[in-house]
Amino acid sequence: MDGKPAMRPPRRPPLPSSKRSAVWLVGLLVALCFFTLPLLLALSRGRPNLSDVSKMSISVTARHEDETSTQAEANSDPAAPGIREQRDRDRLLGGLLSPDISESTCHSRYRSSLHRKAPSPHSPSPYLVSRLRKYEALHRKCGPGTLFYKKSLMQLTSAHSMGLVDCNYLVWAPSSHLGDRVLSMASAFLYALLTRRVFLVHVTGDMAGLFCEPFPGASWELPSGFLVPNLTQLHRGSDSSYGNLLRANKVPAGVRGESLPSYAYVHLEHDHQQPDQLFFCDDDQTVLSKVNWLILRSNLYFTPGLFLVPQFEDELRWMFPARSTTFHHIGRYLFHPSNKVWDVITRYHASYMASYQEKIGLEITTFAWNPVPPDEYLKQITACTSQEKILPDVVDPASSVAHEEVSAASKAVLVSSAQPEYAEKLKSMYYEHGTVTGETVGVLQPGAGKLPKNEKALVEMFLQSFCDVSVVSGWSTVGYVGHGLAGIKPWLLLPPSNKTAVDPPCVQAASMDPCFHAPPSYDCRAKKNGDLGAVLRHVRHCEDVGSGLKLFD
């Protein structure tokens, strides 16, 4: 202490009375806005409602618990640093994903974007994001293990539906192979979203451990001991199918929920017939809305059929202003490989794919009902990649034609096929001959190893989704999933005719959305059979399946 007396700071002079009044008035106006704005928003009756849209302006950042390995994946990616930073900001896919799932439990959920050249140019609509958050809240309220779920199970012991209840359910049961399953699950989840049902998946042994849980704080797996037995054996002729209920006149007009059965089976496989196809009619959707439990089996991407139901039209338009992005958004929201599968995917990508400047996905599928000799089909494939400048031609030693300027670019061709000879012949072609452009072409085929069949298929789907260009056999659902997740329009190899490759060999699809291979023939609006590809502008026939339907913008 130096003995000097403590100095008190000078007192600030008071504001003039006029300025005090102005400050008081501004404060009053702010308070009025604060208290009246929520009331105005609550009274708004427009759809989508303002509270939904306003939530979308809030920036949400996920908590990343495993930052070291995440950064290692980012650093191994060959993309420019600016693009990596942009993708890192898009870890929640434009708001599509909730941040409320721990990254350590599902690495793929937050890291898939690191393996693509750029973020998706297709942003989810604010209304879709809002509906997904509301659905997640519904699933937490009504999902397995909750009191509402236990209460709802009791309905299955009754012969009839219990009318108005807190929670209704859609149970998806698997059919066919994984490509079909992924597409039908996406369609079933969208239907659950539209009808405010809780979506549950009957996970059979061959699907166990494939996917992460997509909904925060709740499971999508149907618990064991479900009161309806043998879900995977339900078929078109099952007594509980909606088509058979109609045939037996158990669904009279104006029916009340209490007079309906406690559950109904919806059969939407490729062999569905007209009574089952009435699922896509407005009146029948009104009836089904009164059934507490629906069980659905399908091996089809039936989403385009949902767009034909008048009562769903507005909701679907708000969720998907760009119709062709429907599977792209639903697929990226719903399907995330488990950590075990993701480890296989990332190790293969880092070891074999990451160093190439451009990646071409080639998914080759042949069908027993439309066979073609491998050599003949390979001619069609190389004709497509050559004519469309997807892959460079190889040098013909006997030709005197001048070659193009030498390029240092490199391309990887990722071949997914059950027939290894396609990859082997392409590999020999590019190994034995240089390319006319000087580009390096590497032909890759993920080995089957000891992976189970469905695990291998899932690995290939996601590796295909990391490609910049997609060439896909017509009708291939595995191919549909790959380019749908990638968000790119594929080059479709048109189906062979009479065991002979066709010309033109391929066509670029006008839409990235998958094809509904076996749509209904009954036009509910006209109440007669008709061409459903001519009902709505954005639902038209597929390029590779003339009778099929797909979504267009």
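All residue numbers in this chain count up from 1 along the given sequence.
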Colleague: I'd like to know whether the aromatic ring centres of Tyr191 and Phe279 sit less than 6.0 Å apart in this structure.
Modeller: yes
Colleague: Without swapping roles, check the side chain of Arg91 against the backbone of Arg111 for a donor-acceptor pair under 3.5 Å.
Modeller: no
Colleague: Any chance the rings of His517 and Tyr480 have centres within less than 6.0 Å?
Modeller: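 Centroid separation for His517 and Tyr480: below 6.0 Å.
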Colleague: About how many Å separate OG of Ser120 and CG of Leu93, when rounded to the nearest 0.5 Å?
Modeller: 8.0 Å
Colleague: Evaluate the side-chain proximity of Val539 to Leu551: yes if any heavy-atom separation is below 4.5 Å, no if none is.
Modeller: yes
Colleague: Counting only N and O atoms by type, is there a donor-acceptor contact under 3.5 Å from the side chain of Arg131 to the main-chain atoms of Leu193?
Modeller: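 Indeed, once roles are kept as given, a pair shorter than 3.5 Å links the two residues.
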Colleague: Rounded to the nearest 0.5 Å, how far apart are CD1 of Ile390 and SG of Cys384?
Modeller: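 It is 4.5 Å, given to the nearest 0.5 Å.
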Colleague: Suppose we screen for side chain to side chain contact (heavy atoms under 4.5 Å, CB included). Which residues come up paired with Ser324, at least two apart in sequence or across chains?
Modeller: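 Ser324: side chain to side chain contact (heavy atoms under 4.5 Å, CB included) contacts with Ser511, Asp553.
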Colleague: Taking atom CG of Leu234 and atom NE2 of His202, what is their separation to the nearest 0.5 Å?
Modeller: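 Reported value, rounded in 0.5 Å steps: 9.5 Å.
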Colleague: Go through Thr435 and Val441 one step at a time and tell me if the side chain to side chain contact (heavy atoms under 4.5 Å, CB included) criterion holds.
Modeller: CA-CA 8 Å; Thr435 63; Val441 176; 4.1 Å; yes
Colleague: So Leu200 and His139, do their side chains get closer than 4.5 Å, heavy atoms only?
Modeller: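 Heavy-atom side-chain distance check passes, below 4.5 Å.
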Colleague: Can you name the closest pair of heavy atoms from Ser187 and Leu306 and give their distance?
Modeller: O-CD1, 3.9 Å
Colleague: With under 30° as parallel and over 60° as perpendicular, where do the rings of Phe466 and His349 fit, or are they tilted in between?
Modeller: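 Plane angle over 60°, so perpendicular.
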Colleague: Between Thr346 and Ser108, is any pair of side-chain heavy atoms under 4.5 Å apart?
Modeller: no
Colleague: State, to 0.1 Å, how close Lys389 and Lys411 come at their nearest heavy-atom pair, and which atoms those are.
Modeller: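 So the minimum-distance heavy-atom pair works out to O-NZ, 4.2 Å.
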Colleague: Which atom names give the shortest non-hydrogen contact between Cys515 and Val545, and what distance separates them?
Modeller: SG-CB, 3.9 Å
Colleague: Verify, without hydrogens or angle tests, whether Asp544 (side chain) and Trp475 (backbone) share a donor-acceptor contact under 3.5 angstrom.
Modeller: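 Yes; at least one donor-acceptor contact below 3.5 Å.
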Colleague: Can any side-chain N or O of Thr385 pair as donor or acceptor with the backbone N or O of Leu391 at less than 3.5 Å?
Modeller: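 Such a contact is absent between Thr385 side chain and Leu391 backbone.
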Colleague: Below 4.5 Å, heavy atoms only, C-beta onward: do Ser238 and His267 meet side chain to side chain?
Modeller: no
Colleague: Could you tell me if the side chain of Trp342 sits less than 4.5 Å from the side chain of His336, heavy atoms only?
Modeller: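 A side-chain contact under 4.5 Å is absent here.
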Colleague: CG of Asn498: more than 12 outside heavy atoms within 6.0 angstrom?
Modeller: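 No.
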Colleague: I'd like to know whether Phe215 forms a ring-ring contact (aromatic ring centres under 6.0 Å, His included) with Tyr135, so could you lay out the CA-CA distance, the side-chain angles of the two residues, the decisive distance to 0.1 Å, and finally the verdict.
Modeller: CA-CA 9 Å; Phe215 311 131; Tyr135 173 80; 5.0 Å; yes
Colleague: My understanding is that only residues two or more places apart in sequence, or in another chain, count here; which of them pass side chain to side chain donor-acceptor pair (under 3.5 Å) with Tyr377?
Modeller: Ser473
Colleague: For the residue pair Pro519 and Gly548, what are the closest heavy atoms and their distance?
Modeller: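 That would be CD-CA, 4.0 Å.
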Colleague: Report the distance from atom CG of Leu178 to atom CG of Asp206, rounding to the nearest 0.5 Å.
Modeller: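 Rounded to the nearest 0.5 Å, the CG-CG separation comes to 8.5 Å.
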Colleague: Can you establish whether the number of heavy atoms outside Phe367 located under 6.0 Å from its atom CZ is more than 12?
Modeller: yes
Colleague: Where the side chain of Ser410 meets the backbone of Gln357, is there a donor-acceptor pair that is under 3.5 Å apart?
Modeller: yes
Colleague: Between His329 and Tyr333, is any side-chain donor less than 3.5 angstrom from a side-chain acceptor?
Modeller: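 Tyr333 and His329 do not have a side-chain donor-acceptor pair below 3.5 Å.
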Colleague: Within the side chain of Gln380, is there an N or O that forms a donor-acceptor pair under 3.5 Å with the backbone of Leu494?
Modeller: yes
Colleague: Quick check against the 3.5 Å criterion: does Glu213 have a side-chain atom that pairs as donor or acceptor with the backbone of Trp220?
Modeller: yes
Colleague: Looking only at atom types and distance, does a side-chain atom of Lys117 sit under 3.5 Å from a main-chain N or O of Glu358, one as donor and one as acceptor?
Modeller: no
Colleague: Treating Thr326 as the side-chain partner and Arg323 as the backbone partner, does any N or O pair qualify as donor plus acceptor under 3.5 Å?
Modeller: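 Pair found, side chain donor or acceptor close to backbone of Arg323.
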Colleague: What about the rings of Phe462 and Phe335, do their centers lie closer together than 6.0 Å?
Modeller: no
Colleague: Could you tell me whether the side chains of His122 and His328 share a donor-acceptor contact shorter than 3.5 Å?
Modeller: no
Colleague: Using the side chain to side chain contact (heavy atoms under 4.5 Å, CB included) rule, pick out the option among Leu296, Leu231, Leu294 that qualifies with Val171.
Modeller: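 Single pass found, and it is Leu231.
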Colleague: Out of curiosity, Arg332 CZ to Phe327 CZ, how far, rounded to the nearest 0.5 Å?
Modeller: 11.0 Å
Colleague: Look at the aromatic rings of Phe516 and Phe280 and report parallel, tilted or perpendicular, splitting at 30° and 60°.
Modeller: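 Geometry flag for Phe280 against Phe516: tilted rings.
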Colleague: Can you tell me if Ser184 and Trp172 form a side-chain donor-acceptor pair at under 3.5 Å?
Modeller: yes
Colleague: Please determine whether a side-chain nitrogen of the Lys or Arg among Asp375 and Lys379 lies less than 4.0 Å from a carboxylate oxygen of the Asp or Glu.
Modeller: no
Colleague: Before you tell me yes or no, could you show the steps for Ile345 and Leu463 under side chain to side chain contact (heavy atoms under 4.5 Å, CB included), namely the whole-Å CA-CA distance, both residues' side-chain angles and the distance that decides it to 0.1 Å?
Modeller: CA-CA 7 Å; Ile345 293 169; Leu463 290 175; 4.0 Å; yes
Colleague: Quick one: pull up OG1 in Thr437 and CG in Asp393 and give me the separation to the nearest 0.5 Å.
Modeller: 8.5 Å
Colleague: Between Asp276 and Asp271 (side chain of the first, backbone of the second, donor and acceptor by atom type, cut-off under 3.5 Å), is there such a pair?
Modeller: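 Such a contact is absent between Asp276 side chain and Asp271 backbone.
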Colleague: Over all heavy atoms of both residues, which pair between Leu549 and Pro304 is shortest? Give the atoms and the distance, please.
Modeller: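 So the two residues come closest at O-CG, 3.7 Å.
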Colleague: Taking all non-hydrogen atoms of both residues, which atom of Gly94 and which atom of Val129 are closest, and how far apart?
Modeller: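 Closest approach of Gly94 to Val129: O-CG2, 4.3 Å.
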Colleague: Looking only at the side chains, is there a donor atom on one of Ser416 and Glu363 sitting less than 3.5 Å from an acceptor on the other?
Modeller: no
Colleague: Taking the side chain as every heavy atom from C-beta outward, state whether Glu388 and Gln508 have any atom pair closer than 4.5 Å.
Modeller: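 No; the side chains remain at least 4.5 Å from each other.
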Colleague: What's the verdict on side chain to side chain contact (heavy atoms under 4.5 Å, CB included) for His115 and Met353, showing C-alpha distance, side-chain angles and the deciding distance?
Modeller: CA-CA 10 Å; His115 299 276; Met353 295 175 64; over 6 Å; no
Colleague: Given side chains that start at C-beta, do those of Val481 and Gln464 come closer than 4.5 Å, heavy atoms only?
Modeller: no
Colleague: Taking 4.0 angstrom as the limit, do Glu136 and Arg133 come out as a salt bridge?
Modeller: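 Between Arg133 and Glu136 there is a salt bridge, with a charged N closer than 4.0 Å to a carboxylate O.
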Colleague: Tell me whether the rings of Tyr348 and Tyr352 are parallel (<30°), tilted (30 to 60°) or perpendicular (>60°).
Modeller: tilted
Colleague: Checking Asn299 now: which residues fulfil side chain to side chain contact (heavy atoms under 4.5 Å, CB included) with it, not counting sequence neighbours?
Modeller: Ser175, Ser176, Asp180, Glu269, His270
Colleague: Determine, step by step, whether Asp343 and His107 satisfy the side-chain hydrogen bond (donor to acceptor under 3.5 Å, both in side chains) criterion, reporting the C-alpha distance in whole Å, the side-chain angles of both residues, the deciding distance to 0.1 Å, and the verdict.
Modeller: CA-CA 9 Å; Asp343 184 53; His107 296 157; over 6 Å; no
Colleague: Quick check: do Lys427 and Gln445 have side-chain heavy atoms less than 4.5 Å from each other?
Modeller: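 Side chain of Lys427 against side chain of Gln445, heavy atoms only: no contact under 4.5 Å found.
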Colleague: Could you walk me through whether Ile364 and Leu378 pass side chain to side chain contact (heavy atoms under 4.5 Å, CB included), step by step?
Modeller: CA-CA 10 Å; Ile364 305 172; Leu378 185 62; 5.9 Å; no
